[in-house]
Amino acid sequence: MPRKMDRYCIKDGYKARLKNRFFDDTPLKDEWQDEVYAKAKTLADLHGFQSILDIGTGSGFKLLKYFSDRETLGIDLPPTVKWLKRTYPDRKWSDRFDPHPGFDLLICADVIEHIPDPDQVLALIEQCRPQVAVISTPDRSLLKRGHDGPPGNKAHVREWAFTEFAQYIGGRFRVMEHFISNPVQSTQVIVAA
């Protein structure tokens, strides 16, 4: 008998944390998800992409580390964007999670697990219409705890196991690649179109 799944393709009985904490990423540089941005850079170089949209850009460090020579727009929450505008005033930042069509490549690195309704993130990605999207999140099955939820990380609402995340993203996008980019940090990545 197949396993019952919720609307986000997570196993039946999983407990989400609907009141998660805000996570301030501004003190960080490339300690987390660096390889996700490196993969995005490889894809951008391979396909000649010149415009990059980063949803949940955090400190902006990785976006600029890999894409300072291209048009970029980093989107994040108002306190973070205020910091970004002071720190990198010559770059484009927005605290509006509205569609921004026209970007070749979209990055959404370890954001979806922070959002109470991740369907909103996927809808935004669809509305932005990138040629390629690089989406990452922790693989719950690689984490030391939290297999039934709520997540050990108090800033996370929910976490997906590898097959669950493939099913969830694959319900809206064509999954071109799905892999573990950093087993130590439990990071799974989907490249989608």
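Every heavy atom of this structure was used, including side-chain atoms; hydrogens, water molecules and symmetry mates were not. Model, not experiment: these values are computed from the prediction.
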Which donor-acceptor pairs under 3.5 Å do the side chains of residues 77-85 make with protein atoms, sequence neighbours left out?
none

Leu63 and Tyr88: CA distance, side-chain angles, deciding distance, side chain to side chain contact (heavy atoms under 4.5 Å, CB included) verdict
CA-CA 12 Å; Leu63 178 64; Tyr88 306 107; over 6 Å; no

Quick one: which of Thr42, Leu43, Asp54 gives a side chain to side chain contact (heavy atoms under 4.5 Å, CB included) with Val134?
Leu43

Backbone of Glu159 reached by a side-chain donor or acceptor of Arg140 within 3.5 Å:
yes

Between Val36 and Lys39, is the side chain to side chain contact (heavy atoms under 4.5 Å, CB included) condition met? List the steps.
CA-CA 5 Å; Val36 176; Lys39 175 64 175 181; 5.8 Å; no

Taking only Lys NZ, Arg NE, NH1 and NH2, and the carboxylate oxygens of Asp or Glu, determine whether [X] and [Y] approach each other closer than 4.0 Å.
{"X": "Asp34", "Y": "Lys65", "value": "yes"}
{"X": "Arg172", "Y": "Glu126", "value": "yes"}
{"X": "Lys15", "Y": "Asp148", "value": "no"}

Mind checking whether Trp93 and Ile75 sit in one hydrophobic cluster, side chains of I, L, V, M, F, W, Y counted as touching below 4.5 Å?
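Not linked; separate clusters.
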
Before giving the answer on side chain to side chain contact (heavy atoms under 4.5 Å, CB included), spell out for Ile107 and Phe67 the whole-Å C-alpha distance, their side-chain angles and the decisive distance to 0.1 Å.
CA-CA 12 Å; Ile107 302 167; Phe67 301 105; 3.7 Å; yes

Below 30° counts as parallel, above 60° as perpendicular, anything between as tilted: where do the rings of His178 and Phe162 land?
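Judged by the thresholds at 30° and 60°, the geometry between His178 and Phe162 is parallel.
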
For the residue pair His47 and Phe49, does the interplanar ring angle fall in the parallel (under 30°), tilted (30 to 60°) or perpendicular (over 60°) class?
parallel

Closest approach of His100 and Phe103, non-hydrogen atoms and distance?
O-CD1, 3.3 Å

Give the intermediate values and the outcome of side-chain hydrogen bond (donor to acceptor under 3.5 Å, both in side chains) for residues Asp119 and Tyr8.
CA-CA 8 Å; Asp119 285 345; Tyr8 305 121; 4.7 Å; no

Under the side chain to side chain contact (heavy atoms under 4.5 Å, CB included) test, residues paired with Asn182 that sit two or more places apart:
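Expected list: Glu35, Val184, Gln185, Thr187.
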
Tell me if the aromatic rings of Phe22 and His114 count as close, with their centers under 6.0 Å from one another.
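For Phe22 and His114, the ring centres are not under 6.0 Å apart.
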
Quick one: do Ser136 and Asp110 satisfy side-chain hydrogen bond (donor to acceptor under 3.5 Å, both in side chains)? Show the steps, please.
CA-CA 5 Å; Ser136 71; Asp110 283 35; 2.6 Å; yes

Could you walk me through whether Asp45 and Tyr66 pass the side-chain hydrogen bond (donor to acceptor under 3.5 Å, both in side chains) test, one step at a time?
CA-CA 11 Å; Asp45 290 346; Tyr66 289 102; over 6 Å; no

Would you check, one step at a time, whether the test side-chain hydrogen bond (donor to acceptor under 3.5 Å, both in side chains) holds for Asp104 with Ser51?
CA-CA 5 Å; Asp104 300 322; Ser51 57; 3.3 Å; yes

Walk me through it: do Trp32 and Asp25 pass the test side chain to side chain contact (heavy atoms under 4.5 Å, CB included)?
CA-CA 10 Å; Trp32 298 90; Asp25 189 64; 6.0 Å; no

